[in-house]
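Below is one structure, written out as structure tokens, with a few remarks after it.
Here the structure is a predicted model, which is why all the values come from computation and not from measurement. Along the sequence shown, the residues carry numbers beginning at 1.
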Amino acid sequence: MFRGGKPITNGAFDPALKAALATAYDGMMPAQYYLVVICLLHTNSDDSPDIAAELGYFENNPGEIHLWDTLGTELCCFDRAPAERDRLVKTLDQWLGDPLIWRVATLRQWLETSQLPFGPQPDLPCVFYVHCSGGCDRTGELIGAYRLRYMGASWLDMWSEQPCRRPMGCSNYRALQWYAFWLNETFGLAISGIGEDGGCFDGNVVDRPCSPILRPFAHG
């Protein structure tokens, strides 16, 4: 599984993507594979032409694309009193606009089994490419959630993975905080230090708009 920016150049699906994947995999990429793209771009927005280019590519090439529009949330978990925060954590799948719980579990199932929903199951090995526009924010939300759930990453280790050399966008950062609390509540994980980091990226500045250090109910 790889992450990155949108694979579009001059309005067309970028043929250099496969070369980049081979380089990233240190020359061990199979000669033929089934490409599965998880596209996190916004539908019905300026992203629409790029989404159309990706859909057009898979009309004539092996593989498939899944459109998982990703927005994050403006709701900060540290603005809530403890009882309200606990209720929201337990009902995360009911109110978070991004179905992050389902998406992470689904991605895991696909990676483990290659049982994909579109058409006959491929005979080739599957390669997954997760992307938004730059591979930083929306992609950071999904990949960060996957790392926390299935790869044993700590909050700080996950937060420190910044391919764009800056923290992820604040709406995606907030969604990931809620997901981390949900993991602790649901699976008894012990993810600590949630929000006790360098903050997120908002309005071209790095800020700490959702931090336990700055919120009155953080330790209640």
Side-chain angles (χ1 to χ4, degrees), residues 1-21 23-25 35-58 63-75 96-108 110-111 116 126-151 153 158-180 197-207 209-210:
M1 179 170 64
F2 300 89
R3 66 180 288 181
K6 59 185 176 184
I8 301 294
T9 300
N10 297 325
F13 195 90
D14 190 354
L17 173 63
K18 291 192 173 184
L21 294 178
T23 299
Y25 203 57
L35 180 62
V36 182
V37 170
I38 309 296
C39 174
L40 310 182
L41 297 177
H42 299 319
T43 57
N44 300 319
S45 72
D46 292 342
D47 290 332
S48 296
D50 294 328
I51 293 173
E54 292 189 63
L55 291 170
Y57 173 84
F58 286 105
E64 58 190 67
I65 181 172
H66 297 266
L67 303 179
W68 288 1
D69 195 347
T70 300
L71 298 168
T73 180
E74 296 303 311
L75 187 62
L96 185 64
D98 301 334
L100 194 54
I101 295 171
W102 174 86
R103 287 176 174 177
V104 172
T106 298
L107 187 55
R108 179 66 169 187
W110 290 349
L111 284 166
L116 299 163
C126 293
V127 173
F128 290 78
Y129 183 66
V130 180
H131 80 86
C132 53
S133 182
C136 308
D137 306 318
R138 291 166 282 186
T139 303
E141 178 185 325
L142 181 59
I143 296 299
Y146 188 91
R147 295 268 289 126
L148 291 173
R149 173 67 183 94
Y150 291 110
M151 300 181 70
M158 179 280 304
W159 179 87
S160 299
E161 294 170 349
Q162 300 173 4
C164 295
R165 299 183 181 179
R166 62 162 176 81
M168 75 181 71
C170 290
S171 60
N172 306 109
Y173 171 83
R174 287 187 286 264
L176 200 49
Q177 288 179 329
W178 283 109
Y179 182 77
D197 48 47
C200 56
F201 184 78
D202 194 15
N204 294 321
V205 296
V206 175
D207 199 3
C210 187

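What you find for G135 and R3 is that their closest heavy atoms are O-NH2, 2.7 Å. The heavy-atom pair separating G140 from L176 by the smallest distance is O-CD2, 4.0 Å. Nearest heavy atoms, L116 versus C126: CD1-SG, 3.8 Å. The nearest pair of heavy atoms linking G72 to A175 is CA-CB, 3.9 Å. Closest heavy-atom contact between V104 and A145: CG2-CB, 3.6 Å. Taking both residues in full, the closest heavy atoms of V206 and G198 are given as CG1-O, 3.4 Å, listed atom of the first, atom of the second, then distance.
For the pair T70 (side chain) and W68 (backbone), a donor-acceptor distance under 3.5 Å is present. W159 places no side-chain N or O within 3.5 Å of a backbone atom of M168 that could act as its donor or acceptor partner. With hydrogens and angles ignored, the 3.5 Å screen pairs no side-chain donor or acceptor of T73 with any backbone N or O of R174. For the pair Q177 (side chain) and C210 (backbone), a donor-acceptor distance under 3.5 Å is present. Judged by distance alone, with hydrogens and angles left aside, the side-chain atoms of D14 form a donor-acceptor pair with the main-chain N or O of A16 at under 3.5 Å. T139 places no side-chain N or O within donor-acceptor distance of the main-chain N or O of C136, the cut-off being under 3.5 Å.
In this structure, S45 OG and I51 CD1 are separated by 6.0 Å, a value rounded to the nearest 0.5 Å. Atom OG1 of T106 and atom CD1 of I101 lie 11.5 Å apart (nearest 0.5 Å). Rounding to the nearest 0.5 angstrom, the gap separating the CG atom in L142 from the OH atom in Y179 is 9.0 Å. Distance check: N172 CG to D98 CG gives 7.5 Å after rounding to the nearest 0.5 Å.
When side chains are defined from C-beta on, D137 counts as touching R166, because their heavy atoms get closer than 4.5 Å. Proximity of L75 to W178: side-chain heavy atoms (C-beta onward) are separated by under 4.5 Å at one or more points. By the 4.5 Å heavy-atom criterion applied to side chains, M151 and M158 are not counted as neighbours. Side-chain contact check for L41 versus R138: some heavy-atom pair is nearer than 4.5 Å. Contact check for M1 versus L107: side-chain heavy atoms found under the 4.5 Å cut-off. Considering only heavy atoms from C-beta on, E54 comes within 4.5 Å of H131 through its side chain. Side-chain contact between I38 and W110: present, with at least one pair of heavy atoms (C-beta onward) separated by less than 4.5 Å. The shortest distance between side-chain heavy atoms of R149 and R108 does not fall below 4.5 Å.
Taking the six-membered ring for Trp and thresholds of 30 and 60 degrees, F13 and F58 have ring planes more than 60 degrees apart, a perpendicular arrangement. By the 30° and 60° cut-offs, the orientation of the rings of Y150 relative to Y146 is tilted.
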Please lay out, stage by stage, how D197 and Y173 fare under the test side-chain hydrogen bond (donor to acceptor under 3.5 Å, both in side chains).
CA-CA 11 Å; D197 48 47; Y173 171 83; 2.8 Å; yes

